[in-house]
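Here is how names work: the chains are called A, B, and so on, in the same order as the sequence lines, proteins then strands, and each is numbered from 1. Note: hydrogens, waters and symmetry copies are ignored here, and every other heavy atom, side chains too, is used.
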Amino acid sequence: MNDLLLIVVAAGEKVALRSCDVQSVIELEMLAPVPCAPSHVAGLSALRSRVLTVIDCQSALALGQAINREAGAPAVVVDHEGHAYALLLDGIESVTKARSDPGPVRTRMGGNWAAMSHGMVETDEGPLLLVDVAALIAGPQEVRAA
Amino acid sequence: MDDLLADFLAETREMLEALGGELVAWEDDPGDRARLDAIFRFFHTVKGNCGFFEFPRLEALSHAAEDALADVRANRRQADSTLVSAVLAILDRIGDMADAIEEGTEFPAGGDEGLIAALEPEADVSALLQSSLVSGDDGQHKLPSSQRSIRLPVELLDRVMSGVSDMVLARNELARRLRESSVEASVGEPFERLSAIIADVRDAMTRTRMQRIESLFGGMPRLVRDLSAELGKQTMIDVDGGEVELDREMIEIIRNPLTHIIRNAIDHGIETPAARLAAGKRDMGLLSITARQSGNQILIDIVDDGRGIDDTRLVEKAVAAGIIGAAHATRLSPRERTALIFEPGISTAETVTAISGRGVGMDVVRANIERIGGTIEVESIPGTGTRFSLRVPLTLTIIPALTVSIAGQRFAIPRSSIEEIARVDAGTLEMSRVGGAMLAKIRERRLPCLALADLLRMDSGVADEERTLIVLRLTGGELFALAVDRVHDHEELVVKPVAPAIIAAGIYAGTTLTDDGNPILLLEATGLARAGGLQFDALERSMRQAGTPEAAKAARTTPVLLFIGRDGRRKAMPMAVVARIEEVGPGAVETDGDRMRVVIGDRILPLAGTDEVPLPDEELRLFRLHDGRTEIGYAIHEALGIRQIKAEFVAADHSGDIAGVVLIDGEPTSVIAPYKLFARHAARTSGEASPVCHLPADDPWIQNFVRPMVEAAGYRIINDGDGEADLAIMTQPEDGVAISARKVIRLRSEPADLQDEPDSIYRYDHAGLLSALNLSRGRQSL
């Protein structure tokens, strides 16, 4: 409740990230592919001499690939278990306040949205899905099982 | 030893401090198993460490306390307040003794027996303790011991180190930006200064934390010798990889586990000489300890060729101790059965000895290794031996690496796993395909070959024959070749761990940033071999190697003297030709046309190695080289020490005195070819006709490798049918060809001297070949 949220576009959909999860909003300076990595890992990038593992959110959600999967693409930097990640997004919109705690979504969602979100939050911009960053980074279940 | 002692004391004191709170809690609840275990481990560690140092009283005290607590752990005895008091008294005594050792004073004798007796069940504890403590009771006004060093939490060092690494990367990025933008020249100078300072700080920080594992391995031969003697066994120890550098703290943490594993190996693994002979083995057991860096991990293997672990008994004991259910026991895999050795309270030893076998230790060992994020595994073949493999992380480290590229994307390979680099089109190797698999033949060795592009599923667009092969060495010593598009630089890289999702790919050990700010991945040799489906049976192979350790070692390496030449470069001189190192005054060198001579004592020798660099005004250091007949001097800047190098190295293709290049201590080093040196500089007796040597014309290896040496040794080369030769050189086995020569040198491809090839010389035995060449030339001139 009353958390600050960052509204972003992932897999063509407006969703929300907790702003406390997000370290910064960047445009990828470069993207070096990682051969043999799981498909949701778009590659490696660097930010201020830190290596970022770039996660393609759309791919993690099993909804295809991000439209813009190259240098210059918008991304947010998050820290997860000591590693720095960049979540590759379609776009970054604005900051808003959560008006409710995340609640369950009572309808079937596409792709892996159900597993990769904390639920729905009410905001001034209408209801938004709150993204589960850790689940996105872990990637689709089949990848983890493999 | 002083360092070790200081560490021991510091460790003991730290553990005592840490136990302080536990003790009070244990006193309240003597049945508390976790606290009991912690206190037990303390005594066990102290006892173990005392084995290194001659502290019989400490050892007796901790042994007695350990015994008593072991009874409690095995439910043979109930912990009660009298036992607690007795144990506390011993803890205090150990602390006082440690203080006395540190101050270098003699601890008042006596009283120990009473403390030990107080541990007995139904002892009159208070009376015994009273009488025992009287003697040591005047120590109230203890002086605080002086501090010569400080102990810092490793997290703090980690933070500083990580900050320094980031600083290096930030500097690199700044350097790149400066290059790209046209900044005023005035910025350049302070920036250079900043760079130098950062480099200094980085070096100092790295040194602060890194230490050669030698400091740990150094004590092992003695430990093994003493233990073997004590147990009436014979054990030979083979230590390899002492040059691997490891975080200082890591070395301290693995010291005890390693010692423990070695004790166990000798006590339980290696059989008595009689039992070994009965089992068809050599009477002397072999214990080999190897360390190797693989990406950001250090692998330490401890292999013995003893009786192995009796996993049936392990399972029985585990079931009896209630660690696993009887039904579950039948479903265990062999590996899981052996791994039961790491469970608390398990020991297969029939009797308890002073060295090991109370059923503790391996659980403590595993706990210690896992605490630092490492792993320990055990493999055992009954009757054949046991291997313990430790993996210890280097969470943050600077490692030397080679950068390579596939389709323009760069990757790094740790230099520690690189054996050699060879170009496919250089003609020294040939490639073949067998059932879709690639094989590379590099100087008579056929190695499995993997294309990095295939492993990474990338399109390289570079044809097989234009690639460069990198021969990689796995932990077990197995070699395989990796084909890459291009080889770039040797670089020192700050390696950071990769995200779990990337680790899962199984072929990467870390990431790093290059100077131009691009992230590159560090490849891991073991992972590549696994991804490429290469199969090596590590354990079996190391056992095979262990069979003839001396023979393999002698053939594998050549001793060289590492030195810095007059031109400032690192070079190596085969030890076989160095008679001694001399120092001469500035007047001893005279120049005669383009030749230089040096006066040593009453002799005048030709002087080589001056490398067009002006000679110093002060003393000149030089090697006296001897080929059996003539002597020459070789000017050097500084001798660094003796190293062992592989006989095979990358051959130099240009003329000069260089035979080839090898990596010594991780740096490329030119190896001097004495043949060429002597040919150029040795004063040839005038009127001596060149001896004639016959070489098979159709053997490219002989023509490419041996011919230059033979020519340099002063021989004229003839081919088949060109008449009588003084010497003939041929490879085995070509016995059918009739050669008319007074002497024949046969070169064999195997290092080992087999029975059916007498008088042959291993083809890369430079010293052997050299002396054979000189010998026959000497004979010819007589």
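- Put simply, the side chain of B:Ile413 reaches to within 4.5 Å of the side chain of B:Leu482, judged on heavy atoms.
- Interface residue A:Val34: backbone and side-chain heavy atoms are both found under 4.5 Å from chain B.
- A salt bridge is absent between A:Lys97 and A:Asp124; no separation between the charged side-chain nitrogens and carboxylate oxygens falls under 4.0 Å.
- Residue pairs meeting the salt bridge (charged side-chain N to carboxylate O under 4.0 Å, His left out) criterion with at least one partner in residues 502-514 of chain B, sequence neighbours excluded, are absent.
- Only the backbone of B:Leu455 comes within contact range of chain A, with at least one heavy atom under 4.5 Å from a heavy atom of that chain.
- With respect to chain A, the highest number of heavy-atom pairs below 4.5 Å among B:Gln409, B:Met458, B:Arg457, B:Arg410 belongs to B:Gln409.
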For residues 20-31 of chain A, please give each side-chain donor-acceptor pair under 3.5 Å, one per line with the distance, not counting sequence neighbours.
residue : atom : partner : partner atom : Å
A:Gln23 : OE1  : A:Arg50 : NH1          : 3.4
A:Gln23 : NE2  : A:Asp79 : OD2          : 3.4

